[in-house]
Amino acid sequence: MIISSNHYVNLEATLFSGQCFRWISDPPWFYGVISNNLIKIREHPKGIEFFSTPTSETLLKDKIAEYFNLDENLDDIYSCINSDSRINTSIHLFQGMRILTQDPWECLISFICSSASNIKKIRRNIDSLTQYFGNKLYLDQQILNTFPTIQNIVEIDEDILRNLGLGYRSKYIKSTAQTILNQKIKIRTWENLNYQEGLDQLVYFKGIGDKIANCILLFSLNKKEAFPVDRWIEQILRNYYLTKSENKSLKTTASLRLWGMNHFGKYAGYANHYLFHYFRTQNK
DNA sequence: CAGGTC
DNA sequence: CCTGG
């Protein structure tokens with residue numbers, strides 16, 4: 001099925017810029033899991049074309065459009081954030097790269113896994129989690145798995161997670177799932193929270209600090225003003241944006257994040273992600 | 001040391 | 001603090 005979009009959708013940049021961790025590329029197709037369905041997708045002159053299983057394309061269409069934020073006006077966003085040469089270059093290099101609206105639970109666990117790690121390892125860790133505790137989905141020659149539920153994670157022993165190579169993150173994954181279950185926290189309702197309420201809720205969990213919380217807000221809770229400050233973004237800000245005195249006074253992740261949110265405005269997260277992807281691919 | 005956090 | 005490139 002084809003879903004039309006008012007702006008080009010750059011699938012490669014969108015799916016492999018570090019906001020999600022388990023899409024597979026088999027040009028021109030990409031395979032991934034959305035809402036417990038295996039999705040096969042490619043770019044199309046009118047937008048995107050996709051197949052799904054087991055749910056029909058018709059029933060899944062809206063969900064896919066939401067995942068890729070297809071109704072978002074990218075030109076409007078670009079004009080809001082395109083205020084300097086670095087952003088401008090990145091926009092031209094990765095025209096059509098979108099910020100996704102992923103499942104918050106999967107996003108949360110994925111970014112707990114991301115702490116002091118690297119993309120390759122994060123992908124391997126999450127892949128292990130889904131292989132051992134998810135359900136298999138088949139399409140063409142691809143086998144992908146659903147993401148384990150909160151209940152699934154609660155039932156897994158911490159040592160098993162450690163054996164999968166998740167290290168010290170294992171106890172954070174366990175305790176987060178346990179807390180959500182025990183306190184009957186409804187993740188569904190998070191999308192109704194504003195930025196600050198969402199941030200407060202997320203950093204409440206052990207293993208989630210300012211950076212990871214902002215990733216979850218940006219990549220799954222539709223908070224485009226969120227501004228995750230990791231080592232890359234911190235270096236970019238310090239090298240290209242901050243004055244000497246700001247470089248001295250801004251020490252914490254949160255203070256840098258507030259500077260970024262203030263400087264780039266309501267689409268700061270888009271500016272963040274374009275800068276992040278640009279510098280990361282440049283320095284490879 | 002790595003796309004942090006306690 | 002785990003793990004691995």
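We use all heavy atoms of the structure for the numbers below, so side chains are in, but hydrogens, waters and symmetry mates are not. Here is how names work: the chains are called A, B, and so on, in the same order as the sequence lines, proteins then strands, and each is numbered from 1.
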Undergrad: Measure from CG on A:L108 to C1' on B:dG4 and round the result to the nearest Å.
TA: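 The distance from CG of A:L108 to C1' of B:dG4 comes to 14 Å, rounded to the nearest Å.
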
Undergrad: A:I208 near the nucleic acid: base, sugar-phosphate alone, or nothing, with a heavy-atom cut-off under 4.0 Å?
TA: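 If one applies the 4.0 Å heavy-atom cut-off, A:I208 turns out to touch the sugar-phosphate alone, with no base involved.
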
Undergrad: Can you check the A:I112 CD1 to B:dG4 P distance for me, whole Å?
TA: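 Computing the A:I112:CD1 to B:dG4:P distance gives 14 Å.
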
Undergrad: Examine A:F21 together with A:F111 and report whether their ring centres are nearer than 6.0 Å.
TA: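 Yes: the rings meet the under 6.0 Å criterion.
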
Undergrad: What is the nucleic acid contact for A:G207, judged by heavy atoms within less than 4.0 Å: base, sugar-phosphate only, or nothing?
TA: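 If one applies the 4.0 Å heavy-atom cut-off, A:G207 turns out to touch the sugar-phosphate alone, with no base involved.
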
Undergrad: Give one of base, sugar-phosphate or nothing for A:K206, where a contact means two heavy atoms less than 4.0 Å apart.
TA: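 Sugar-phosphate, backbone atoms only, no base.
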
Undergrad: Could you tell me how far apart A:N118 (CG) and B:dG3 (P) are, to the nearest whole angstrom?
TA: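 Distance check: A:N118 CG to B:dG3 P gives 6 Å.
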
Undergrad: If you round to the nearest 0.5 Å, how far is OG1 of A:T146 from CG of A:N135?
TA: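 If we round to the nearest 0.5 Å, A:N135:CG and A:T146:OG1 are 4.0 Å apart.
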
Undergrad: Closest-nucleotide mapping onto DNA chain C: is A:K120 or A:S115 further toward the 5' terminus? I mean the 5' end.
TA: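 Closest to the 5' end, via its nearest nucleotide, is A:S115.
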
Undergrad: Would you mind classifying the nucleic acid contact of A:R162 as base, sugar-phosphate or nothing, using non-hydrogen atoms under 4.0 angstrom?
TA: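 Sugar-phosphate: the residue A:R162, judged by heavy atoms under 4.0 Å, touches backbone atoms but no base.
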
Undergrad: If you measure from the Lys or Arg side-chain nitrogens to the Asp or Glu carboxylate oxygens, is any gap between A:R22 and A:D127 under 4.0 Å?
TA: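 Between A:D127 and A:R22 there is no salt bridge, as every charged N stays at least 4.0 Å from the carboxylate O atoms.
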
Undergrad: Does A:R280 put a side-chain nitrogen or oxygen below 4.0 Å from OP1 or OP2 of B:dG3?
TA: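 Negative; the distance criterion is not met.
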
